[in-house]
Amino acid sequence: MSNWIKLSLGVPNIKGRQLVLSNTLVNGQCFNWYALREHDYVGVLGQYLIRIQQDMKDCDIQFRYHTHKKYKDEGDEDDQVHSLLLDYFQMNEVNLEDLYTTWSNDKHFASIGPCIPGLRILRQDPWECTMSFLVSQNNNIKRITGLMLKIRSSYGERIGDLDTVLDEDEEFEDFTVSEFYTFPTLDQLSKAKEADFRALGLGYRAKYMEASCKIIQKKGGEDWIRNLRLDLNSKKKENSKEEENDDEEELNRKTQDETPKKSQLTLENLESIRAQLVELKGVGNKVADCISLFSLNCLNSVPVDTHVAQIAKRVYGMSESNAKNYPKVVDLFYQKFGTYCGWAHSVLFAAELPQYKPLLETKKKGKRKEKDLKLSEDPGQKKIKILK
DNA sequence: ACACTACCTGG
DNA sequence: CAGGTAGTG
């Protein structure tokens, strides 16, 4: 059995303001994590079966993992998985607490942010992300997660059983997933025809899957999508002297905030990425923006779905939100939240999901009376309400 | 160029 | 209806 390893975020995670797993892993941005119980998840990242959990008293996070023997490297595998997770959570690039503070200039965000702390955008694998959001269209999170699971177990490679990340005396009776698989490569997934995808339950999306796989093959395979990813650190080369001596987290962070190294986040680049993704079958604006935000470092992509369109209408007073003024909604979010508007949007989006309604309700009650609001700022009380 | 609809499936 | 898109008038 594997050992537990503490995840060192590099910054204090007070009250989960940098990272809360329950707000990050199951909010609809990814579909590869399953809750064993609250704040305790299993899922697959690359070739690793990972279990990760958070102690909601101090917000510390620990993980353990398992991988198939054929993948075993020598040496620092613990370090590799640790680095993998830090990259996945984008811990080295983004100080989420600072962003929440900035975003709270917007009144609507200010009312929601404290209820949904530590919601980070994950840096996912572009290929897997593309397939996931192809499946996601006109569909719900629960079913998407189930369908992706079927795709893995049908066409991926088996990594191992659940019990490789459980203690001997542990059991989770209602938990139905017992074995875990890698996400299939393009070659592996290309063995499936439309009928096969339909048999898995993908419905009319089956046709899109087969067609898109073929298109991706023609364009150069998974690497074609992976190469669409923006390199936000490219500017570092100019400051290489500074970077090398920069071991201290705070200094590093400061430098990055001051020199927004966002030279890649131009409108042209974003348009180009979207244009290329839309060439796939079953990928329109919304899905393309999901892919670019969740896997291609496009911090300012704003996928406009029914919920986001509703926010634009209900909260920000946009008259009509339909497919036609998609760009207008995107622009609205950019005007409100700036470079990281894709990140901000995800918090507001989460607030629209039924699962988050209870958290927001407690906040509303406190808001009724201004006097009570200050009292409810009591840390202990807040933690219970928000993070329970 | 726009608006409208069919489309798998499950709650 | 659910985090839409392609196809059609």
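Throughout, protein chains are lettered first and strands after them, A, B, ... in sequence-line order, and every chain is numbered starting at 1. The figures here come from the full heavy-atom set of this structure, side chains too, leaving out hydrogens, waters and symmetry mates.
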Identify whether any heavy atom of A/Leu280 sits under 4.0 Å from a base atom; if not, whether one sits that close to sugar-phosphate; answer base, sugar-phosphate or nothing.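 Counting heavy atoms under 4.0 Å across all strands, the contact made by A/Leu280 is with sugar-phosphate only.
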Pick base, sugar-phosphate or nothing for A/Val304, based on heavy-atom distances below 4.0 Å to the nucleic acid.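 Answer is nothing: A/Val304 stays at 4.0 Å or more from every strand.
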Distance between [atom1] atoms of [N] and [M] (Å, rounded):
N      : M      : atom1 : result
C/dA6  : B/dG10 : P     : 24 Å
C/dG3  : B/dC4  : P     : 24 Å
B/dG11 : C/dT5  : P     : 24 Å

Figure out the [atom1]/[atom2] separation between [X] and [N], and round it to whole Å.
X        : N      : atom1 : atom2 : result
A/Arg205 : C/dG4  : CZ    : P     : 9 Å
A/Leu147 : B/dT9  : CG    : C1'   : 9 Å
A/Arg143 : C/dC1  : CZ    : C1'   : 12 Å
A/Gln355 : C/dG3  : CD    : C1'   : 12 Å
A/Ile311 : C/dG3  : CD1   : C1'   : 11 Å
A/Asp289 : C/dG4  : CG    : C1'   : 13 Å
A/Leu202 : C/dT5  : CG    : P     : 16 Å
A/Lys142 : B/dG10 : NZ    : P     : 11 Å

If you assign A/Ser136 and A/Val283 each to the DNA chain C nucleotide with the nearest heavy atom, which residue ends up on the more 5' nucleotide?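 It is A/Ser136, whose closest nucleotide lies nearer the 5' terminus.
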Starting at the 5' end of DNA chain C, which residue's closest nucleotide do you reach first, A/Ile144 or A/Lys281?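 With A/Ile144 and A/Lys281 compared, the 5'-side residue is A/Ile144.
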Got a sec, which residues hit salt bridge (charged side-chain N to carboxylate O under 4.0 Å, His left out) with [X], two or more places apart in sequence or on another chain?
X        : answer
A/Lys142 : none
A/Asp167 : A/Arg64
A/Asp60  : A/Lys6

Could you note down all residue pairs passing ring pair (Phe, Tyr, Trp, His ring centres under 6.0 Å) where residues 263-283 of chain A supplies at least one of them, sequence neighbours left out?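 Checked against ring pair (Phe, Tyr, Trp, His ring centres under 6.0 Å) - neighbours excluded - no pair reaches residues 263-283 of chain A.
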Residues touching DNA chain C, which here means a heavy atom under 4.0 Å, drawn from residues 25-37 of chain A: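 Nucleic-acid contacts, sorted: A/Asn27, A/Gly28, A/Gln29.
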Provide the full list of salt bridge (Lys or Arg N to Asp or Glu O under 4.0 Å) pairs with a residue in residues 325-353 of chain A, sequence neighbours left out, each pair given once.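 Residue pairs passing salt bridge (Lys or Arg N to Asp or Glu O under 4.0 Å), neighbours aside: A/Arg314-A/Glu352.
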Could you name each residue pair satisfying salt bridge (Lys or Arg N to Asp or Glu O under 4.0 Å) that touches residues 200-212 of chain A, not counting sequence neighbours?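 Matches after skipping sequence neighbours: A/Glu210-A/Lys214.
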What does the B/S/- profile of nucleotides 2-7 of chain B look like, 5' to 3', with a 4.0 Å heavy-atom cutoff to protein? -S---B
Parallel, tilted or perpendicular, judged at 30° and 60°: which one describes the rings of A/Tyr155 and A/Phe197?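 The arrangement is tilted - the two ring planes meet at 30° to 60°.
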What orientation do A/Tyr204 and A/Tyr208 show, parallel under 30°, tilted 30 to 60°, or perpendicular over 60°?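 Correct class here is perpendicular.
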Would you kindly check whether a donor in the side chain of A/Lys286 faces an acceptor in the base of C/dG3, or vice versa, at under 3.5 angstrom?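 Checked by distance alone, the answer is yes.
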Where DNA chain B forms stems, i.e. three or more consecutive Watson-Crick or G-U pairs with both distances under 3.5 Å: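 DNA chain B forms these stems: B:2-7 with C:4-9.
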My understanding is that only residues two or more places apart in sequence, or in another chain, count here; which of them pass side-chain hydrogen bond (donor to acceptor under 3.5 Å, both in side chains) with A/Ser301?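 Result, side-chain hydrogen bond (donor to acceptor under 3.5 Å, both in side chains) vs A/Ser301: A/Ser292.
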Residues in side-chain hydrogen bond (donor to acceptor under 3.5 Å, both in side chains) with A/Asp125, at least two apart?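 Checked A/Asp125 against side-chain hydrogen bond (donor to acceptor under 3.5 Å, both in side chains); matches are A/Arg226.
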May I ask you to say whether A/Arg152 pairs ionically with A/Glu128, meaning some side-chain N is under 4.0 Å from a carboxylate O?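 Salt bridge present between A/Arg152 and A/Glu128.
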Under the side-chain contact (heavy atoms from CB on, under 4.5 Å) rule, collect the residues that match up with A/Ala288, sequence neighbours excluded.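 In terms of side-chain contact (heavy atoms from CB on, under 4.5 Å), with neighbours along the sequence ignored, A/Ala288 is linked to A/Arg274, A/Leu277, A/Val278, A/Val283.
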